[in-house]
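In what follows, every heavy atom counts, from backbone to side chain, and hydrogens, waters and symmetry copies are set aside. Each chain gets a letter, A, B and so on, in the order its sequence line appears, and its residues count up from 1. Here the structure is a predicted model, which means the values were calculated and not measured.
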Amino acid sequence: MKTMPETILLEVDEPLDLDATLGCGQAFRWVRRDGWWEGVVGRQAIRLRQDGRRLEVRGADESFVRHYLSLDLDLEAVISSIDRDPVVHAAIEEVYGLRILRQPLFECLISYLCATNTNIQAVQRRVEAIARHYGERIESDGGQSHAFPDLSSLSHVTDEGLRACRLGYRAAFATRTLSTIIAEPDWFLRLSILPHDEARGELMTLSGIGPKAADCICLFALEQYEAFPVDVWVRRIVCRHYLPALETRSDSPAHYEEFRSFGKGHFGRFAGYAQEYLFGARHRLCP
DNA sequence: CTAATTCCTGAATC
DNA sequence: AGATTCAGGAATT
């Protein structure tokens with residue numbers, strides 16, 4: 001599929017900060033190279049570059065990019081709904097225009113399974129390796145790259161194969177999760193129509209997917225914006241600025257739940273957006 | 001319910 | 001330069 005170079009002209013009330021959006025760690029296949037963001041979404045190798053309200057697009061058409069970046073979401077309204085205290089307010093100033101992407105569900109699920117107990121760069125390497133080993137070759141502007149494989153392409157993957165992709169002990173979790181998903185033909189369809197709490201619970205039954213990964217998948221692939229993932233940084237930020245009383249508590253599922261319900265209660269329907277803004281401003285909020 | 005331990009990679013530090 | 005330390009979720013006991 002050939003697509004022409006395109007330029008999207010953003011409206012004044014259509015804020016976007018592409019750097020914050022693609023660089024905040026929500027998706028793992030974007031890299032910045034000489035002024036462009038290069039990434040793969042589905043089977044398309046895409047390049048994006050923003051200059052003010054001009055958004056240049058290569059490798060995909062405008063409607064695809066608009067949807068992926070969720071430009072149809074009224075971000076100004078979302079931001080004013082979460083702008084409830086000086087701390088988020090500072091975060092909003094820091095990464096104003098950050099948008100939550102609409103990621104492909106399967107890739108998002110496997111990516112966050114790879115994301116436990118590691119930093120963002122390590123996850124990027126793992127996801128990239130899985131694509132290189134098992135994904136379909138696709139042509140990009142310069143050379144070639146690989147789409148993230150679909151479920152059937154990973155259905156016969158072995159533990160060793162995934163260990164070669166540096167998943168480590170997560171390889172065994174991944175193969176178990178793959179086999180339970182494969183066992184139910186419409187698993188993805190069923191998941192995608194469940195309400196948040198049920199989708200979350202269903203995800204957590206999978207091997208290698210705990211509360212935090214489940215919340216990320218709900219937020220980044222299922223458009224469930226009330227999801228409030230609590231990673232170490234969000235935990236730190238909430239302890240420091242909102243709930244110092246929770247500081248001394250150790251980690252446990254019950255304590256995770258306290259942070260999560262704080263987020264949902266304090267920020268409301270778009271708590272997930274608040275989470276991303278806090279996370280995006282983490283080095284300013286927890287220096 | 002809580003606490004402790006193990007799993008593994010990669011970067012930083014000694 | 002090679003060893004040690006640490007950051008980072010989930011599962012198991």
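- Listed nucleotides: dG9(C), dA10(C), dT9(B). Nearest to the side chain of V232(A): dG9(C).
- Of the N and O atoms on the side chains of S111(A) and R126(A), not one donor lies less than 3.5 Å from an acceptor on the other residue.
- Residue-level contact check: I209(A) touches the backbone only, with heavy atoms under 4.0 Å from sugar-phosphate atoms and none from bases.
- Residue R166(A) places none of its side-chain N or O atoms closer than 4.0 Å to OP1 or OP2 of dC8(B).
- A close approach under 4.0 Å does not occur between any side-chain nitrogen or oxygen of R170(A) and OP1 or OP2 of dG9(C).
- Between R236(A) and L206(A), the residue whose closest nucleotide on DNA chain C is further toward the 5' end is R236(A).
- Distance alone, capped at 3.5 Å, is enough to place a donor-acceptor pair between the Y273(A) side chain and the I100(A) backbone.
- Rounded to a whole Å, the CZ atom of F28(A) is 18 Å from the P atom of dT9(B).
- Whole-Å rounding puts the R235(A) CZ to dA10(C) P distance at 13 Å.
- A172(A) comes within 4.0 angstrom of no nucleic acid atom, judged by non-hydrogen atoms across all strands.
- Defined by atom type and a distance below 3.5 Å, a donor-acceptor pair is missing between the side-chain atoms of D83(A) and S80(A).
- Between D159(A) atom CG and dC7(B) atom P the separation is 14 Å, expressed in whole Å.
- At least one side-chain nitrogen or oxygen of R125(A) sits closer than 4.0 Å to the OP1 or OP2 atom of dA11(B).
- Atom pair N119(A):CG and dC8(B):C1' shows a separation of 12 Å (rounding to whole Å applied).
- Within the 4.0 angstrom heavy-atom criterion, no nucleotide atom of any strand lies near I120(A).
- Between D231(A) atom CG and dA7(C) atom P the separation is 14 Å, expressed in whole Å.
- Checking dG10(B), dT2(B), dA10(C) against the side-chain heavy atoms of P211(A) singles out dA10(C) as nearest.
- Going from atom CZ of R126(A) over to atom C1' of dG10(B) covers 9 Å, rounded to whole Å.
- Between the CE atom of M204(A) and the P atom of dA11(C) there is a distance of 8 Å, rounded to whole Å.
- Using modelled atom types, one side-chain atom of T177(A) and one backbone atom of S207(A) make a donor-acceptor pair closer than 3.5 Å.
- The ring of Y112(A) has its center closer than 6.0 angstrom to the ring center of F28(A).
- Here dC1(B) presents its P atom at 12 Å from CD of E258(A), a figure rounded to the nearest Å.
- Comparing dC8(B), dA10(C), dT9(B) against the side chain of Y169(A) picks out dC8(B) as the nearest.
- At a threshold of 4.0 angstrom between heavy atoms, the contacts of P253(A) with the nucleic acid are absent.
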